[in-house]
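Everything below concerns the one structure shown next.
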Amino acid sequence: MIKVTLPDGAVKELPKGSSAMDVAKSISEGFARNVISAKVNDKTVEVTTPITTDANVTLYTFDNEEGKKAFWHSSAHILAQALEKLYPGIKLTIGPAIENGFYYDVDSGEQTIREEDFKKIEDKFLELAREKADFSLREVSKADALAKYKAEGNEYKVELIENLNDGEITFCDHSDFTDLCRGGHIPNTGIVKAVKIMNVAGAYWRADQTKNQLVRVYGISFPKQKMLTEYLELLELAKQRDHRKLGKELELFTFSEKVGQGLPLWLPKGAMLRERLENFLKKAQVKAGYLPVITPHIGHKDLYVTSGHYEKYGADSFQSILTPHEGEEFLLKPMNCPHHCEIYKTSPKSYKDLPVRFAEFGTVYRYEQSGELHGLTRVRGFTQDDAHLFCRPDQVEDEFMKVIDLVLYVFGALGFEDFTAQISLRDPDNKEKYIGSDENWEKAEQAIINTANAKGLKTVVETGEAAFYGPKLDFMVKDALGRSWQLGTIQVDYNLPERFELEYKGSDNEMHRPVMIHRAPFGSMERFVAVLIEHCGGNFPLWLTPDQVGILPVSEKYNENAQNILKLLNNYDIRGFVDERNEKVGRKIRDAEVSKVPFMLIIGEKEAETNIVSVRKHGEGDIGEFSIEEFANIINNEVKKDLNSNNN
RNA sequence: GCCGAUGUAGCUCAGAGGUAGAGCACUUCCUUGGUAAGGAAGAGGUCACGGGUUCAAUUCCCGUCAUUGGCUCCA
């Protein structure tokens with residue numbers, strides 16, 4: 001007999017060699033039917049693997065992340081089997097579970113897999129799933145494993161196996177299908193009841209651009225058809241929040257082929273919204289001791305040679321702008337920091353002057369690969385809410401803390417609660433990608449880790465994600481479709497001060513080198529607005545929204561009254577519009593609702609005679625009658641609340 | 001940049017080897033109305049652009065540009 005300890009502390013005694021499934025059955029038959037995956041002593045196993053010693057056992061159903069992982073990973077095997085049958089001769093590579101579903105990468109040779117084939121693949125998949133074939137794992141020797149795939153001519157699997165050791169190589173069988181796999185499967189294929197092939201895309205072998213491009217087939221599967229339907233409905237809803245769709249509908253921004261790809265055009269409503277965001281941050285920055293500076297959109301090439309940007313990105317940037325006669329080379333500004341360094345140098349600095357904080361909404365231009373451009377989130381011309389803090393080494397941590405506070409204030413005011421603070425460090429195996437001394441890098445990395453921890457941020461560490469001149473703390477937020485974007489960023493930099501020979505005179509009367517902190521709470525105004533649109537689904541906070549109130553006269557007779565009311569509201573700093581069209585109120589209400597106007601005032605005979613307005617709230621309907629002053633207070637109180645709720 | 005898909009009216013989309021359609025928006029007229037679409041008429045398109053095949057191409061083929069799902073990249 002063996003003792004099995006469950007996560008809740010309960011201990012079960014079972015015969016030696018019982019499996020995780022036996023443990024589940026000992027709890028209840030009904031529960032066992034839903035168990036699809038298990039861990040024994042924290043190691044993922046098959047639910048049928050015999051347990052030979054006392055152990056901690058955790059059982060998973062599709063409701064657990066671990067269960068989903070096993071379910072989707074197993075689904076990838078079925079997908080591979082289906083693809084092998086439909087496209088004979090393809091070479092299988094890898095097929096992991098991902099956040100939503102799974103994919104399988106294949107080398108399809110001359111054959112192409114197209115969207116029109118998805119139905120065919122799904123049908124074959126379900127046909128195979130219905131066989132209810134058991135998954136089983138068996139260990140094979142390295143020699144045997146290599147022999148199988150060499151015989152098949154599958155160089156990808158051979159490469160994978162060559163990196164494994166004898167004793168850790170297992171094959172997974174189900175039905176007539178065998179795949180190299182380390183395990184963690186559901187009991188049998190029949191548990192998968194619904195599948196959807198989501199898309200097909202190219203993907204490089206081992207994520208390496210210089211290697212072969214494979215065909216990646218994405219899918220998602222569920223134990224119930226209804227769950228798939230619900231998932232697809234949820235996806236449809238998410239698409240309604242897409243900033244590209246809402247940006248067009250709400251007339252915030254557009255693009256023009258004639259202007260060029262990746263170069264956004266802000267329409268009046270979008271531009272005003274963005275200005276409000278900028279003013280909001282400018283105000284906070286004045287309080288925090290920042291000094292505004294303004295720099296031009298181009299700079300001499302030598303500036304970027306000095307900063308190191310030219311060497312690193314010069315070849316993949318917009319190319320030089322030349323003066324017509326002298327042939328002098330200028331570059332479109334890809335970064336604001338070199339300009340700010342030059343501003344620092346205009347006057348000698350004493351240790352008493354530091355920190356100096358230069359802030360600028362600086363527009364920069366970067367050549368992004370055409371395949372990378374995406375709505376407002378990835379563009380070629382964008383504005384950073386950039387600032388550079390020049391401080392003494394002993395001030396770095398304190399300044400860094402204050403910047404984190406500012407970022408949190410900005411995020412809080414806009415309702416971003418769900419973000420991850422990503423600490424991006426240098427890749428120690430690829431030091432040639434970075435500039436600066438080991439000592440400075442270590443200092444900078446330590447400063448970031450210390451301050452992030454001190455602030456209690458939810459962090460992840462990414463090695464190799466640092467900028468070439470220094471490590472970063474990036475604030476990552478997901479868009480409507482679950483893609484992660486970097487918004488705010490804070491970077492510690494010991495390198496540019498050296499390259500630009502920045503100095504200050506210390507209390508010891510010697511010259512010292514300041515440390516730079518680069519920071520941008522929004523990151524890029526374009527990307528921030530994009531993610532904000534998706535975050536609120538186009539229903540902006542009242543202080544930001546393009547029109548706070550739509551005034552809807554019941555008939556054209558009251559247009560003038562409506563205009564007068566608008567003027568009165570304008571005096572309270574409230575913005576809006578009068579819908580003067582020759583339409584019925586019902587129609588005006590509908591259009592205002594669709595365009596997400598937060599408040600509507602219905603103006604008819606009654607309102608024209610009194611000083612009362614009839615108020616409707618977006619998404620809620622009629623909320624009653626108020627005097628104009630009362631209504632103005634409702635709006636202004638809400639605005640105040642939004643802006644001060646996180647002010648500390 | 002690479003792999004796949006897409007490009008038809010301002011917007012959302014149908015269509016077919018024989019010269020282009022709907023709804024909404026727009027213009028004009030009627031209607032002057034009380035909480036999510038009042039009625040009528042009209043105007044609007046080099047079917048992304050450039051080649052090729054064909055008696056004939058918006059439709060088929062090739063290229064370019066743009067958009068898009070991924071991959072790679074991201075100061």
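Just so we're on the same page: letters track the sequence lines, and every chain starts at 1. These numbers were taken from a predicted model, which means no experiment stands behind them.
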Check every atom of [options] against the side chain of [X] and return the nucleotide holding the closest atom.
X: A:Ala203; options: B:rG34, B:rG1, B:rC71; value: B:rC71
X: A:Gln369; options: B:rA75, B:rC73, B:rG34; value: B:rC73
X: A:Val200; options: B:rG69, B:rG4, B:rG7; value: B:rG4
X: A:Tyr367; options: B:rA36, B:rG1, B:rC30; value: B:rG1
X: A:Glu605; options: B:rU35, B:rG34, B:rU32; value: B:rG34
X: A:Arg378; options: B:rC73, B:rU35, B:rU12; value: B:rC73
X: A:Arg244; options: B:rG69, B:rC3, B:rA75; value: B:rG69
X: A:Ile589; options: B:rU35, B:rC74, B:rU32; value: B:rU35

So, are A:Glu593 and A:Arg590 salt-bridged, with charged N and O less than 4.0 Å apart? no
Does anything in residues 114-125 of chain A come within less than 4.0 Å of RNA chain B? Heavy atoms only, and list the residues if so. A:Arg114, A:Glu115
Between [N] and [M], how far apart are the two [atom1] atoms, rounded to whole Å?
N: B:rU59; M: B:rG51; atom1: P; value: 13 Å
N: B:rG23; M: B:rA14; atom1: P; value: 16 Å
N: B:rC65; M: B:rC49; atom1: P; value: 16 Å
N: B:rA57; M: B:rG1; atom1: P; value: 32 Å
N: B:rG63; M: B:rC3; atom1: P; value: 11 Å
N: B:rU46; M: B:rA20; atom1: C1'; value: 13 Å
N: B:rC61; M: B:rG17; atom1: P; value: 13 Å
N: B:rG7; M: B:rG15; atom1: P; value: 11 Å

Any base atoms under 4.0 Å from [X], or only sugar-phosphate, or nothing? Heavy atoms, all strands.
X: A:Ala592; result: nothing
X: A:Tyr218; result: sugar-phosphate
X: A:Asp622; result: base
X: A:Tyr469; result: sugar-phosphate
X: A:Gly470; result: nothing
X: A:Val585; result: sugar-phosphate
X: A:Gly371; result: base
X: A:Ser307; result: nothing
X: A:Arg216; result: sugar-phosphate
X: A:Lys588; result: nothing

Send over the distance from [X] [atom1] to [N] [atom2], rounded to a whole Å.
X: A:Asp579; N: B:rA36; atom1: CG; atom2: C1'; answer: 13 Å
X: A:Leu373; N: B:rC2; atom1: CG; atom2: P; answer: 14 Å
X: A:Gln491; N: B:rA75; atom1: CD; atom2: C1'; answer: 8 Å
X: A:Arg581; N: B:rC30; atom1: CZ; atom2: P; answer: 19 Å
X: A:Glu583; N: B:rC30; atom1: CD; atom2: C1'; answer: 13 Å
X: A:Lys245; N: B:rG10; atom1: NZ; atom2: P; answer: 19 Å
X: A:Asp208; N: B:rC3; atom1: CG; atom2: P; answer: 16 Å
X: A:His309; N: B:rC73; atom1: NE2; atom2: P; answer: 19 Å

Does [atom1] in [X] sit with more than 12 non-hydrogen atoms of other residues, nucleotides or ligands closer than 6.0 Å?
X: A:Lys478; atom1: NZ; result: no
X: A:Glu311; atom1: CD; result: no
X: A:Gln240; atom1: CD; result: yes
X: A:Gln319; atom1: CD; result: yes
X: A:Glu432; atom1: CD; result: yes

Find the runs of at least 3 consecutive base pairs, i with j, i+1 with j-1 and so on, that include RNA chain B, using Watson-Crick or G-U wobble geometry with both distances under 3.5 Å. B:1-7 with B:65-71, B:10-13 with B:21-24, B:26-30 with B:38-42, B:48-52 with B:60-64
Quick check: any donor-acceptor pair below 3.5 Å linking the side-chain of [X] to the base of [N]?
X: A:Glu368; N: B:rC74; value: no
X: A:Asp105; N: B:rG70; value: no
X: A:Tyr204; N: B:rG1; value: yes
X: A:Glu257; N: B:rA66; value: no

Is any side-chain nitrogen or oxygen of [X] closer than 4.0 Å to OP1 or OP2 of [N]?
X: A:Lys557; N: B:rG33; result: yes
X: A:Lys584; N: B:rU35; result: no
X: A:His374; N: B:rG70; result: no
X: A:Gln261; N: B:rA66; result: yes
X: A:Lys472; N: B:rA75; result: yes
X: A:Tyr313; N: B:rA75; result: yes
X: A:Arg483; N: B:rG69; result: yes

For the residue pair [X] and [Y], confirm or rule out a side-chain donor-acceptor distance under 3.5 Å.
X: A:Ser424; Y: A:Gln422; answer: yes
X: A:Trp205; Y: A:Glu159; answer: yes
X: A:Asn561; Y: A:Glu607; answer: no
X: A:Tyr469; Y: A:Gln491; answer: yes
X: A:Glu360; Y: A:Thr295; answer: yes
X: A:Thr489; Y: A:Asp474; answer: yes
X: A:Asn212; Y: A:Tyr156; answer: yes
X: A:His518; Y: A:Asp386; answer: no

